[in-house]
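Residue numbers begin at 1 in each chain, while the letters A, B, ... track the order of the sequences. As a basis for the values below, the full set of heavy atoms in this structure was taken, side chains included, without hydrogen atoms, waters or symmetry mates. What you see is a predicted model; the values in this text were computed from it and never measured.
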2 protein chains.
Amino acid sequence: MARRDACSDCAIRTRALCSTLSVEQLARLRRLSYRKRYPPGRLITGVDPAETWCAQVLSGVVKLTKALPDGRQQIVGLLFPSDFLGRPFGSASPYAAEAATEVELCCHNRHQFEELMHEQPGLKQLFLERTLDEVDAAREWMLLLGRKSAGEKVAALILHIARRLAGSGCAAGPGPGPMRFDLPLSRTEMADYLGLRIETVSRQLKHLRTTGVIGPGVGRTITLENVAALERMTEGGAP
Amino acid sequence: MARRDACSDCAIRTRALCSTLSVEQLARLRRLSYRKRYPPGRLITGVDPAETWCAQVLSGVVKLTKALPDGRQQIVGLLFPSDFLGRPFGSASPYAAEAATEVELCCHNRHQFEELMHEQPGLKQLFLERTLDEVDAAREWMLLLGRKSAGEKVAALILHIARRLAGSGCAAGPGPGPMRFDLPLSRTEMADYLGLRIETVSRQLKHLRTTGVIGPGVGRTITLENVAALERMTEGGAP
DNA sequence: CGCGTATTTGAGCATCATCAAGCGCCGTGG
DNA sequence: CCACGGCGCTTGATGATGCTCAAATACGCG
């Protein structure tokens with residue numbers, strides 16, 4: 001009976017939108033759902049089409065990007081496990097989604113998911129609250145993009161990713177010693193998220209390492225040696 | 001019977017969230033609503049408190065701002081007539097709202113407005129779709145803040161305001177001759193919305209005027225002489 | 001081992017910020 | 001009526017942050 005992809009086994013069972021569904025509704029949704037994997041860098045959805053499906057992130061990190069005709073790019077959001085991907089109700093989603101790491105999705109038929117939201121007010125309510133949180137997060141990032149220095153931006157990004165990873169159970173928890181994790185983004189992606197160039201990101205990262213705020217690990221490895229200092233640096237406080 | 005503030009007279013009757021309400025529900029909401037005016041520059045709500053009310057903009061322009069402890073500011077959104085102001089459901093709104101021009105609001109008790117949304121799925125649905133549009137708008141602005149040059153930013157702001165003003169029936173419509181309007185923002189506010197300094201905004205505006213893309217009017221007056229050129233400049237095309 | 005890609009490092013430069021006047025507008029008050 | 005002062009905006013000169021270009025190094029992988 002217990003299938004490997006049964007909802008009760010689901011890694012995001014308690015945090016996903018599904019957490020509001022009754023057992024019966026959950027069973028119904030599961031019949032309409034399927035899992036899908038993407039390797040790092042693979043495009044998940046393009047900009048144009050009115051996609052016929054939506055999904056929830058089971059594992060990995062998805063980046064949402066917008067681009068200018070001349071190739072300049074901006075990452076406008078990162079999705080972590082239990083986040084929702086897609087644009088129900090009308091207008092086509094004006095950005096592309098791409099796998100930043102290896103990604104696993106739980107996909108639903110968009111139309112049927114919309115119907116389920118209509119039938120189950122709790123589901124729609126939770127989706128609405130998540131969407132409101134997304135507005136807040138986007139605006140927080142607007143403050144970063146418009147008003148913060150390169151150093152503040154990089155510090156804020158590290159903290160942001162650390163918190164989201166911790167919240168989704170990846171990376172060594174708040175156990176003994178400093179938190180350690182791998183950035184799910186390349187330097188290019190970090191730059192595209194922060195409105196910087198990769199060289200600037202690289203230099204700021206080096207600065208954080210030489211001042212001991214983060215550990216000396218190479219590449220994407222981050223060790224949070226001094227979270228308080230990092231927090232101060234996100235708002236213009238001294239290093 | 002016909003009071004001056006009757007909903008049927010309301011300037012935003014057809015575009016506001018209320019447009020989904022039945023006559024009876026509209027009457028109920030109206031009994032719980034009141035109008036409020038703010039002069040330019042007046043604070044409407046601060047950051048901290050879990051506000052007990054929410055509102056819809058009847059006239060004027062409201063700016064939503066976030067600030068860093070050292071005083072740096074970023075405008076994270078502008079509200080025009082028929083836009084919704086407030087943060088129903090839980091978490092306190094993490095930004096301040098301030099009147100940019102003379103503003104008139106139609107205010108509702110937050111709790112009762114939430115209840116109305118629960119009772120009337122159409123209202124909640126419309127609110128949800130508006131919120132999704134807000135996410136899109138915020139992310140569009142993230143692209144601007146992170147990746148556009150000063151010239152592109154100013155061009156985009158003028159177009160953005162022109163469209164929103166036209167959509168809310170202010171300013172000379174698309175009748176004969178070029179559209180003309182007054183910017184609802186000071187130079188400081190434009191800079192805070194674009195992530196620039198006021199001197200840069202001033203110089204970019206001058207450049208647009210000397211190249212004839214906008215008319216030579218002084219101060220906040222804008223005449224759209226060449227919309228196509230303005231649109232091109234928004235994305236890196238030649239002036 | 002050798003190649004392709006990601007990242008780091010360095011040097012010079014451009015854009016936009018900063019600093020500093022100056023101008024125009026307007027309400028106040030002599 | 002005009003001098004005064006405040007404020008918002010403009011203009012100019014200078015400089016710093018972050019970008020561009022270029023090359024070296026490290027890394028992953030066949």
task: List the protein contact pattern of nucleotides 2-11 of chain C with one symbol per nucleotide (5' to 3'): B for base contact, S for sugar-phosphate-only contact, - for none; contact means a heavy-atom distance under 4.0 Å.
output: -----SSBBB
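- Separating the CZ atom in B/R209 from the CD1 atom in B/I214 is a distance of 4.5 Å, to the nearest 0.5 Å.
- D/dG8 atom P lies 15 Å from atom CZ of B/R197, rounded to whole Å.
- Rounded to the nearest 0.5 Å, atoms OG (A/S82) and CZ (A/R130) are 5.0 Å apart.
- Going from atom NE2 of B/H207 over to atom C1' of D/dG12 covers 17 Å, rounded to whole Å.
- Between B/K153 and B/E235, no side-chain nitrogen of the basic residue sits less than 4.0 Å from a carboxylate oxygen of the acidic one, so the salt-bridge criterion is not met.
- A salt bridge does not link A/D83 to A/R15: none of the charged nitrogens lies less than 4.0 Å from a carboxylate oxygen.
- Atom C1' of nucleotide D/dT17 and atom CZ of A/R147 are separated by 15 Å, given to the nearest angstrom.
- In this structure, the CG atom of B/L196 is 14 Å from the C1' atom of C/dT18, given to the nearest Å.
- At a threshold of 4.0 Å, the pair B/E152-A/R72 counts as salt-bridged, since one of the basic side-chain nitrogens sits closer than that to a carboxylate oxygen.
- Rounding to the nearest 0.5 angstrom, the gap separating the CG atom in A/L185 from the CG atom in A/D192 is 9.5 Å.
- Between A/R42 and A/E98 no salt bridge is recorded (no basic side-chain N to carboxylate O distance below 4.0 Å).
- Between A/E104 and A/K36 no salt bridge is recorded (no basic side-chain N to carboxylate O distance below 4.0 Å).
- The separation between A/L145 atom CG and D/dG18 atom C1' is 15 Å, rounded to whole Å.
- Recorded end-axis angle for the helix from C/dC1-D/dG30 to C/dG30-D/dC1 stands at 20°, based on five pairs per end and rounded to 10 degrees.
- When heavy atoms are screened at a 4.0 angstrom cut-off, B/G195 is found touching the sugar-phosphate backbone but no base atom.
- Nucleotide D/dG18 holds its P atom 15 Å from the CE atom of A/M190, rounded to whole Å.
- Distance B/Q204 CD to D/dC9 C1': 16 Å, rounded to the nearest Å.
- Side chain of B/W141 to main chain of B/Y193: a donor-acceptor pair is present (N/O by atom type, distance under 3.5 Å, no hydrogens or angles).
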